[in-house]
Trainee: 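Attaching a single structure in structure tokens format; questions to follow.
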Amino acid sequence: MYTMAPMTVRMAPKLTKNLGLDSPQSQSCLSLLELCNSLKEFKQAHSKLIKLGLLQHPLPLTRLLACCTLCPDADMNYARSIFELDENPNTFVYNFMIRGNLQQHQLENALSMFYSMVSDANYSPNHITFPFVLKACSRMKAIEVGKQVHGQVLKLGFGEDVYVQNSLINLYSTCGLIGFSIMVLERMKNPDIVSWNSIIKGLVDLGLIEEARQIFDKIPKRSVVTWNCLIDGYVQAGFVDEARILFNEMDRKDTFSWNTMIGGFINLGLVDAARNLFDEMPEKDKDLITFKLMIDRYAREGRDREALETFQEMQKLKIKPDSFILVNALSACSNLVMLEQGEQIQAYIEREKIEVDAVLGTALVDMFSKCGMIEKALSIFHSMEKRDVSAWNAVIYNLGINGYSKEALSFFSDMLEAGTAPDETTFLSVLSTCRHCGLVEDGRKFFYMMSDDAYKLAPKVEHYGCMIDLLARANLLDEARKLVDTSDFSSNVPMWGALLGAASRLGNIEVGEYAAKHIIELDPLDTSCYIELSNLYSAAARYDKAAEIRKKLKTIGIEKEPGYSSIEVNGVTHKFRVSSTFNCDIGL
DNA sequence: CTAGGGTTAG
């Protein structure tokens, strides 16, 4: 919060005429400005200031600018419009603008503010300016500009300021020039803990973990951040045991320490080890990221139940989920067909007025349709302001697998009309719709459409799989075989597996043997192929052949283990048993 | 008489 400045402000004489800065209205307006913490309130204060004619004064103007650049959702265009009212911006005003642009990730604008500042003869950058500017340079990895700024620092005499020096260390190390960072450090009279941490972080980011460790052992003092940086270094390098030893040695762990360790385990695929740490972690230290790490990983691994349970734990601790977590939770609900849970999440989104962007909307659409609430799904889809490819894909795919093939295909043409470019998943959804209803003509059309000039998408194994199945169901097995023969996937086992499965379902021994021959050539240990083939023989009452295959299977000593292939549809992984049928969606 | 630096995930 900003304290009121005393009212004995120096004022330019020409401004004192219409002054009113001391008037009760002005006073109240200035206090209003201090209290407000939303853009809307700023704007009200702003217009009041204009009415009172106070924007001529440097003090209110600077304060207004401070308010509207410092808030986390600052509107920098708005800030800029105020800035431009200032004919003679002072150092404070410039600094606020640079900082605001930096916070809003408008790095170029931050730099151009700096440029106009240095070309302004009346005011020059001070010790506060440089950390912001240097940070902008390091975020942009603009090392050449950074070096020039370094020159300015020295020229203007801020080379001894510890904050500025530390910013320089960071600039050089984020640009990979750790040697320069060390040079800056060695010239410092009094490097502090932040200087050392910046060096350690720089080394860690370059993968120089041993060097980082040496510094860690050498420095006189360490902070929690020091420990966390080094632990993160070990974790990044895959030395999780080393990280764990340090972690255990820490006398004070903070949220970062725990999250770094948990994240490290997770990245190495040690999800259960991560969970153990998660359970050991004091509840009061857990934050959004802690939960995000666990829930996101559970969701990726299809451990939906655990994802949801952890999500509920999070709610018990009153930690507010962000939309990433909500997407994960919704996807778990749809995989588990847990409508009630999903509806609760939707209610939460409405209650908390969380913005339903394309991704979150798609997750809702997917959840409702997987739970059989197609109407509800469609109404959400229609209410979405922005629809990306995934949103369309979710609708088309789910309509298709629920038997609404006409609707699915009409959504597909709506999509093209809306100018959204279909991707491979779109075509997979469309083709699986055709397969679902035996629409051979349409299937062929869409299959060739995807690779034509307009879309230039190469059909993948999954697309071929759909086509094989579609053709086979229409008793067009020879066409299916030709498709495989002429594809780029003649050395792809699942591809032949799909043909074998189709042949098997039709009892077509010739094509079956043909496909099996290819599979065995490619992978003599493919068990599912033998099993499929023997089933095919049995079904055709060719028991001798079937027994022969079974025997072969035994002698090779292969265990029965069906092969799986998976595809991803709108972020949800669907498993297909490639050996037998292409339409066996195990995930449902 | 306003303001500044180092650590964790998608």
Side-chain angles (χ1 to χ4, degrees), chain A residues 1-10 30 33-34 58-67 69-70 90-100 102-103 125-135 138 158 161-171 173-174 181 184-185 188 191-205 212 222-233 235-236 243 247 250 253-267 274 285-297 299-300 322-325 327-328 359 571:
Chain A
M1 272 285 88
Y2 301 96
T3 48
M4 278 290 279
M7 280 302 118
T8 51
V9 185
R10 282 176 291 112
L30 283 172
L33 199 49
E34 281 169 48
L59 180 68
L61 193 133
T62 310
R63 189 167 288 165
L64 183 70
L65 212 52
C67 283
T69 53
L70 293 187
N90 61 29
T91 303
F92 283 106
V93 167
Y94 276 120
N95 285 352
F96 284 130
M97 286 301 288
I98 293 173
R99 182 184 168 185
L102 182 67
Q103 264 176 8
N126 65 6
H127 59 121
I128 308 283
T129 315
F130 284 106
F132 294 136
V133 175
L134 290 168
K135 192 164 200 175
S138 58
F158 298 112
D161 185 294
V162 181
Y163 282 73
V164 175
Q165 289 169 316
N166 288 342
S167 302
L168 285 166
I169 292 180
N170 273 313
L171 166 73
S173 65
T174 55
S181 303
V184 174
L185 177 88
M188 289 176 78
D192 66 3
I193 184 66
V194 175
S195 323
W196 291 112
N197 290 346
S198 304
I199 292 284
I200 290 179
K201 173 75 174 127
L203 290 167
V204 153
D205 284 348
R222 300 177 192 116
S223 68
V224 193
V225 176
T226 325
W227 287 84
N228 291 347
C229 282
L230 195 64
I231 290 176
D232 183 45
V235 152
Q236 300 277 341
F247 180 76
M250 292 178 81
K253 303 175 176 61
D254 67 0
T255 303
F256 274 59
S257 324
W258 288 96
N259 287 352
T260 304
M261 266 321 286
I262 291 175
F265 278 135
I266 280 177
N267 279 334
D285 287 345
K286 289 180 183 172
D287 71 351
L288 180 69
I289 290 175
T290 320
F291 281 96
K292 197 177 267 201
L293 286 165
M294 290 308 308
I295 293 172
D296 184 65
R297 179 52 53 142
R300 275 166 196 275
D322 65 1
S323 80
F324 280 95
I325 291 200
V327 168
N328 280 335
V359 181

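A note on names: the letters A, B, ... follow the listed sequences, proteins ahead of strands, and every chain is numbered from 1. No experiment lies behind these values; they were computed from the predicted model shown.
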Trainee: If you only use heavy atoms from C-beta on, which nucleotide in B:dT7, B:dG10, B:dG4 is closest to the side chain of A:D296?
Mentor: B:dG10

Trainee: Under 4.0 Å between any heavy atoms, over every strand shown, what does A:K201 touch: base, sugar-phosphate, or nothing? Just pick one.
Mentor: sugar-phosphate

Trainee: Mind calculating the distance between CH2 (A:W258) and P (B:dT8) to the nearest angstrom?
Mentor: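 A:W258 atom CH2 is separated from B:dT8 atom P by 19 Å.
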
Trainee: Taking atom P of B:dT2 as reference, at what distance in whole Å does atom CZ of A:F92 sit?
Mentor: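 Interatomic distance, CZ of A:F92 to P of B:dT2: 6 Å.
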
Trainee: Over all strands shown, is A:I193 touching base, sugar-phosphate only, or nothing at heavy-atom distances under 4.0 angstrom?
Mentor: base

Trainee: Considering every strand and a 4.0 Å limit on heavy-atom distances, what is the contact class for A:F324: base, sugar-phosphate, or nothing?
Mentor: base

Trainee: I'd like to know if A:D161 reaches the base of B:dG4 with its side chain, counting only an N/O donor and acceptor under 3.5 Å.
Mentor: yes

Trainee: CZ of A:F96 versus P of B:dT2: gap in Å, rounded?
Mentor: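 Computing the A:F96:CZ to B:dT2:P distance gives 9 Å.
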
Trainee: Please classify the nucleic acid contact of A:I289 as base, sugar-phosphate, or nothing, using heavy-atom distances under 4.0 Å.
Mentor: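 Base contact - A:I289 has a heavy atom under 4.0 Å of at least one base atom.
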
Trainee: When all nucleic acid strands are considered with a 4.0 Å heavy-atom cut-off, which category describes A:S257: base, sugar-phosphate, or nothing?
Mentor: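 Counting heavy atoms under 4.0 Å across all strands, no contact is made by A:S257.
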
Trainee: Tell me if the side-chain of A:N259 makes a donor-acceptor pair with the base of B:dA9, cut-off 3.5 Å, by modelled atom types.
Mentor: no

Trainee: Starting at atom OH of A:Y163, determine the distance to atom P of B:dG4, rounded to an integer number of angstrom.
Mentor: 9 Å

Trainee: Touch check for A:N170, heavy atoms < 4.0 angstrom, all strands: base, sugar-phosphate only, or nothing?
Mentor: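 Counting heavy atoms under 4.0 Å across all strands, the contact made by A:N170 is with sugar-phosphate only.
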
Trainee: What's the separation between atom OG1 in A:T226 and atom CD1 in A:I231, rounded to the nearest 0.5 Å?
Mentor: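 Taking OG1 in A:T226 and CD1 in A:I231, the distance rounds to 10.5 Å.
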
Trainee: What's the CD1-C1' distance between A:I325 and B:dA9, to the nearest Å?
Mentor: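 Atom-to-atom, A:I325 to B:dA9, this comes out as 10 Å.
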
Trainee: Side chains of A:S198 and A:S195: any donor to acceptor distance under 3.5 Å?
Mentor: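 Result is no, nothing qualifies.
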
Trainee: Got a sec, which residues hit ring pair (Phe, Tyr, Trp, His ring centres under 6.0 Å) with A:F92, two or more places apart in sequence or on another chain?
Mentor: none

Trainee: Using the ring pair (Phe, Tyr, Trp, His ring centres under 6.0 Å) criterion, which residues pair with A:F158? Sequence neighbours excluded.
Mentor: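 Applying ring pair (Phe, Tyr, Trp, His ring centres under 6.0 Å) to A:F158 gives A:F130.
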
Trainee: Would you kindly give the CZ-to-P distance between A:R99 and B:dG4, to the nearest whole Å?
Mentor: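 In whole Å, B:dG4 P lies 4 Å from A:R99 CZ.
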
Trainee: With a 6.0 Å cut-off on ring centres, are A:F247 and A:W227 close enough?
Mentor: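 When the ring centroids of A:F247 and A:W227 are compared, they turn out to be at least 6.0 Å apart.
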
Trainee: Could you tell me whether A:D322 contacts a base, only the sugar-phosphate backbone, or nothing, with contacts defined as non-hydrogen atoms closer than 4.0 Å?
Mentor: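 Since a base atom lies under 4.0 Å of A:D322, the category is base.
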
Trainee: At under 4.0 Å between heavy atoms, what does A:V224 touch on the DNA or RNA strands: base, sugar-phosphate, or nothing?
Mentor: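 The answer is nothing, as A:V224 stays clear of every strand by at least 4.0 Å.
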
